[in-house]
Amino acid sequence: MERSSLLRYTFCVETIRFYHQSHPSLASAAMSEFHPEEIEKKWQSYWEENQTFRTDTDSDRPPFYVLDMFPYPSGAGLHVGHVEGYTATDIMARFKRARGFEVLHPMGWDAFGLPAEQYALKTGTHPRETTEKNIATFTEQLKSLGFGYDWNREINTTDADYYRWTQWIFLKLYEQDLAYIAEVPVNWCPALGTVLANEEVIDGRSERGGHPVVRKPMRQWMLKITEYADRLLQDLELIDWPEHLKEMQRNWIGRSRGAEVDFAVDPESTDGLEANIRVFTTRPDTLFGATYMVLAPEHPLVDDVTSEEKRQSVERYRDEAAKKSDLERTELQKEKSGVFTGAYAVNPVNKQKIPIWVADYVLYGYGTGAIMAVPGHDQRDWEFARAHDLEIVEVISGGDIEEEAHEGDGELVNSEFLSGLPVDEAKEKIIDWLEERSLGKGAINYKLRDWLFSRQRYWGEPFPVVHRKEDGEVVPLPEEELPLKLPEVEEYAPSGTGESPLATIEEWVETKCPETGEPARRETNTMPQWAGSCWYYLRFVDPDNDEAPIDPKLEQKWLPVDLYVGGAEHAVLHLLYARFWHKVLYDIGAISTKEPFQRVVNQGMILGTSYLYYETEEGEILGEEAADRRDVTGYPVHVDEVRWEGDRPMHPTADIELDPVVEKMSKSRGNVVNPDDVIEEYGADSLRLYEMFLGPLEATKPWDPRGVTGVHRFLSRIWRLVAGDEDAPAGVGEGELDDDLKRALHQTIQKVTEDTEELRFNTAIAAMMEYVNTLYKLDEVPRLAISPLVQMLAPYAPHTAEELWARLGHEPSVIEEPWPQYDEDWLVEDSYELAVQVMGKLRGTVEIPQDADEDTAVAAARQNEDVERYLEEKEIRRVIFVPGRILNFVVG
RNA sequence: GCCGGAGUGGCGGAAUUGGUAGACGCGCCGGAUUCAAAAUCCGGUGGCCUUACGGCCGUAUGGGUUCGAUUCCCAUCUCCGGUACCA
């Protein structure tokens, strides 16, 4: 071993020398104790100086792209939930690298967003400053965990060099006719003079100040994601996502088959109005049971059909509905409200005249905004009919429509030519019938709506378009003029008109049309936070390209992302939006892949423990004994203020035992675990290992403050195997491995390799723990037995592994070493313990040779007293022998 | 309500083409070491019965299939996540 090269990197050894010279008696203690803080910084700088994690995208090694959902750099810093996902990907990145892959594992910042702008409003600090400061904190935290990111590829969505391409993609969407302007209602707060995001509105009032919020239509950019609904649905087949995640996307897209049917308005009831009301229904088979119609309050025909005597009540109803937010409309669902318009429509199948109502249980945004109501076979219609005394007709047998609507299967009745048919056939037949007469047609509908793509905010990507004053035309900027930079502003306060603060910057807003040179205004909306995160995974592959968002050759090689890990909160929107943009880029030939993320895994939430005390209405304070009482309110005590009496959590001042409750971590519950604190106490490797050992990656798991000691102890045990300690085996030796040890080693390599590959990190760690326990039983540990263990540990606890690898006399870095191989021959043992049952109950075990046949097994079993006792004087009717598994006697 | 997921020791969890339930860790108990404690090392640890050998019960609950069920089927309960008048 080359000591000199080793010493260049191991200042620990220097430290120990120093100790040895000045305090000879301390040398062995310093040598043997595990002090993560002394080695972690050292190896972090080693990786940085050596550019260990730099990715060569042109490498000949097979590519592996492992990606985290990049964070919004909030002021709160990294939390243990981030650490969980990022550790998982870091393990995979390091593992795949050792397995011979060229690994791309980048990190960046989703840095546009509301909090920085709100902070700017309060303090006048530019969001860029806040963002930079937060990014610095995040970066330091990520580095302190030893994550092996290629920082040369760092992306920040707020950099003009990045959002230049976000704007470019918008221009492409516009060219493809996928971006359009519409009047859409937004949450307008007159008191604050601004538009609020949904999450800023609580119970119809603003989160800040509690001012009333109303819905006001404003000019907005929309993206036609609905045009891609079918492909977004179908291409789910191409990707390896967890089934529940695909299901959520399917539900969100919400494809349903049915028919569109035209109902003519009865001219006699409307002073001769000639009009059709088109409805969408998934149950055209129930057409004969349609006894009334309902228009959504916003439906344009409402005005036309309403009779003079009903006009006043209809208008009043419509105004009421407009005031309600979507939320209120759905929450107040107990009573089905509505008013009669005075008009009638004609049911096309039987020419019956049915009344037309207006009701807000029909949504303008779905289908055609109008329905045919079939109260006999739709529960909502049934409730409405009951409330307003409308006719209910049974057209499908099998239920009791006096009690409730019968939505299930059955045979058609009261339906002329459909009567007698089952539902499925009736659907087919009626659609044909309608199509022959041009009264309707088969149709498909989606729940998915077009994507509201603008915000009235400052801190977002500006739209690269102008509005020409003379004719109001929207004119896109030429590509060469990108990026259109976000200007500096004096004030972050909203303009007061509902427009973004950009509207107040005259010299920026007033411009010229790039086509004609005539006066024009810039778009003052900005893009939503989703925009930057919709394509960042492409940019990581080719972050400095100034010709295109990504070099198509590199895209072909590196996409789709092999493994994408992040929180379940992005299961629908982020993943759907990114898939949509990806498909658009595919369609214009910018990229070659249909889907961005081949495999997605959601890490589970990590829960914290809150400590509650209870208070009665009289102000009496109670402890955990009041947990089940209903007349008390619980209040959390911050975890740092809990006073511990042994293992009893106590109120800081009162003599009250607190009630521990496991729940989502949040500042207000005082139960947040800060990763920095854990690192300080136990080191980064212990934190990483603990989060992985806690349970399956995808499961929701409670954080146990005592649990970290277990994995810390495990690392310390490995450390002392190498460094030596009086209670550990007597140091590392050069001996060969005996057969038992060799088997244990190869079995461990197999288990750790397979579990790591499948992201079963908890059981991989357990296997390494078991192996360490085995090693502790030895008198001396062969170097050949411990070196592979250190290699397997490296993805999980990289700092400790690097240090041990060096101390074992190997060249740094362990990361450069190929993954250890296992030998199949050493996985099987000569003999095994066979479980023996009598009548399915375990009665004993016998040791038999690996290749023993049934006769040998039975003979061995009958030698066993515990087994034989149950077989005596009984007739053996049947013997079930599954080699390697079980031997079962069935006796009579 | 609907969709998806999950219920296993005091706790986190392990084991499913059906085959020794409780790996590994925490906690707890005992021992070694120590003047003592911490740390460390070794051993034990699902419940009940038994002096012991051993037996019985046990994977949310109740049924079923099977030589054999944590695993498959039916019904029920509870919890978590998503979604909510989507015609």
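Sequence lines set the chain letters: A, B, ... in the order given, protein chains first and strands last, and positions in each chain run from 1.
The nucleotide B/rC41 finds its pairing partner in B/rG31, both defining distances of the Watson-Crick or G-U wobble pair being shorter than 3.5 Å. Pairing partner, B/rG46: B/rC57, with both Watson-Crick or wobble hydrogen-bond distances short of 3.5 Å. With a cut-off of 3.5 Å on both Watson-Crick or G-U wobble distances, the partner of B/rA14 is given as none. The partner of B/rU51 cannot be assigned: no Watson-Crick or G-U wobble pair with both contacts below 3.5 Å exists in any strand. In this structure B/rG81 sits in a base pair with B/rC3, meeting the Watson-Crick or G-U test at under 3.5 Å. Using N1 to N3 plus N6-O4 or O6-N4 for Watson-Crick, or N1-O2 and O6-N3 for G-U wobble, each under 3.5 Å, B/rC67 pairs with B/rG19. Taking a pair to require two hydrogen-bonding distances under 3.5 Å in either a Watson-Crick or a G-U wobble arrangement, B/rG62 pairs with B/rC74.
To the nearest angstrom, P of B/rC79 lies 17 Å from CE of A/Met605. Residue A/Tyr446 contributes atom OH, which lies 17 Å from atom C1' of B/rA87 at whole-angstrom precision. Atom pair A/Glu691:CD and B/rC24:P shows a separation of 23 Å (rounding to whole Å applied). When rounded to the nearest whole Å, the span between NZ of A/Lys427 and P of B/rA87 equals 11 Å. With rounding to whole Å, A/Leu607 atom CG is found 9 Å from B/rC80 atom C1'. Rounded to a whole Å, the CG atom of A/Leu573 is 12 Å from the C1' atom of B/rU83. Atom C1' of nucleotide B/rA84 and atom CD of A/Gln379 are separated by 15 Å, given to the nearest angstrom. Atom P of nucleotide B/rG25 and atom OH of A/Tyr796 are separated by 16 Å, given to the nearest angstrom.
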Item to complete: Spell out protein contact along nucleotides 3-15 of chain B as letters: B when the base is contacted, S when just the sugar-phosphate is, - when no protein heavy atom is under 4.0 Å; keep the 5' to 3' order.
Response: SS-------BSS-
Practice prompt. Could you run through nucleotides 63-71 of chain B and give me one letter per nucleotide, 5' to 3': B if any protein heavy atom sits under 4.0 Å from the base, S if only the sugar-phosphate is that close, - if neither?
Written response: ----BS---
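Taking A/Gln863 as the reference, nothing meets the side-chain contact (heavy atoms from CB on, under 4.5 Å) condition, with sequence neighbours excluded. Not counting sequence neighbours, the partners of A/Val349 by the side-chain contact (heavy atoms from CB on, under 4.5 Å) test are A/Leu287, A/Phe288, A/Asn347, A/Ile430, A/Trp433. For the side-chain contact (heavy atoms from CB on, under 4.5 Å) test, residues two or more places apart in sequence or in another chain that qualify with A/Asp378 are A/Arg380, A/Asp381, A/Glu407. Annotation: ring-ring contact (aromatic ring centres under 6.0 Å, His included) contacts of A/Trp703 (sequence neighbours excluded): A/Tyr690. Listed by chain and residue number, nothing satisfies the side-chain contact (heavy atoms from CB on, under 4.5 Å) test with A/Glu865 (two or more places apart in sequence, or in another chain). With sequence neighbours excluded, the residues forming a ring-ring contact (aromatic ring centres under 6.0 Å, His included) with A/Tyr611 are A/Trp644, listed by chain and number. In this structure A/Phe280 satisfies the ring-ring contact (aromatic ring centres under 6.0 Å, His included) test with no other residue, sequence neighbours excluded. Partners of A/His299 by ring-ring contact (aromatic ring centres under 6.0 Å, His included), not counting sequence neighbours: none found.
Between the C1' atoms of B/rA14 and B/rG25, the separation comes to 11 Å (whole Å). Separation of the C1' atoms belonging to B/rU17 and B/rC29 is 42 Å when rounded to the nearest angstrom. For the C1' atom pair drawn from B/rG27 and B/rG10, the interatomic distance equals 8 Å after rounding to whole Å. Taking the C1' atom of each, B/rC49 and B/rC11 are spaced 27 Å apart, rounded to whole Å. Taking atom P on both B/rG7 and B/rA60, the two are 8 Å apart, rounded to the nearest angstrom. Atom P of B/rU61 sits at a distance of 24 Å from the matching atom of B/rG55, rounded to the whole Å. B/rC79 and B/rC28 have their P atoms separated by 32 Å, given to the nearest Å. Between B/rU78 and B/rC42, the two P atoms lie 47 Å apart (nearest whole Å).
Contact annotation for A/Thr282: backbone-only contact, meaning every heavy-atom pair under 4.0 Å involves sugar-phosphate atoms and none involves a base. Nucleic acid contact for A/Glu698: none, since no nucleic acid atom lies under 4.0 Å from a heavy atom of the residue. Within 4.0 Å (heavy atoms only), A/Arg877 reaches no atom of the nucleic acid at all. At a threshold of 4.0 angstrom between heavy atoms, the contacts of A/Thr368 with the nucleic acid are absent.
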Write down the protein N/O and nucleotide N/O pairs, taken from nucleotides 46-55 of chain B, whose separation is under 3.5 Å; answer none if there are no such pairs.
residue	atom	partner	partner atom	Å
B/rG55	OP1	A/Tyr870	OH	3.0

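The shortest distance between side-chain heavy atoms of A/Thr281 and A/Val374 does not fall below 4.5 Å.
Considering only side-chain N and O atoms, A/Arg885 lies nowhere under 4.0 angstrom from the phosphate OP1 or OP2 of B/rU20. The phosphate of B/rG25 (OP1 or OP2) has a side-chain N or O of A/Asn773 nearer than 4.0 angstrom.
A glycosidic torsion no more than 90° from 0 defines the syn conformation, and B/rG9 adopts it.
Place A/Met248 and A/Ala767 on RNA chain B by their nearest nucleotides, and A/Ala767 ends up nearer the 5' end.
Note: A/Trp451 and A/Tyr577 have parallel aromatic rings, judged against thresholds of 30 and 60 degrees for the angle between ring planes.
Proximity of a side-chain donor or acceptor of A/Thr87 to a complementary backbone N or O of A/Arg688 within less than 3.5 Å is not detected.
Using a 4.0 Å cut-off between charged nitrogen and carboxylate oxygen, A/Asp740 and A/Arg743 count as a salt-bridge pair.
Dense packing is recorded around CZ of A/Arg250, with more than 12 heavy atoms of other residues, nucleotides or ligands lying under 6.0 Å away.
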Contacts under 3.5 angstrom, residues 878-892 of chain A side chains, donor-acceptor by atom type, not counting sequence neighbours:
residue	atom	partner	partner atom	Å
A/Asn888	OD1	A/Met839	N	3.4
A/Asn888	OD1	A/Gly840	N	3.1

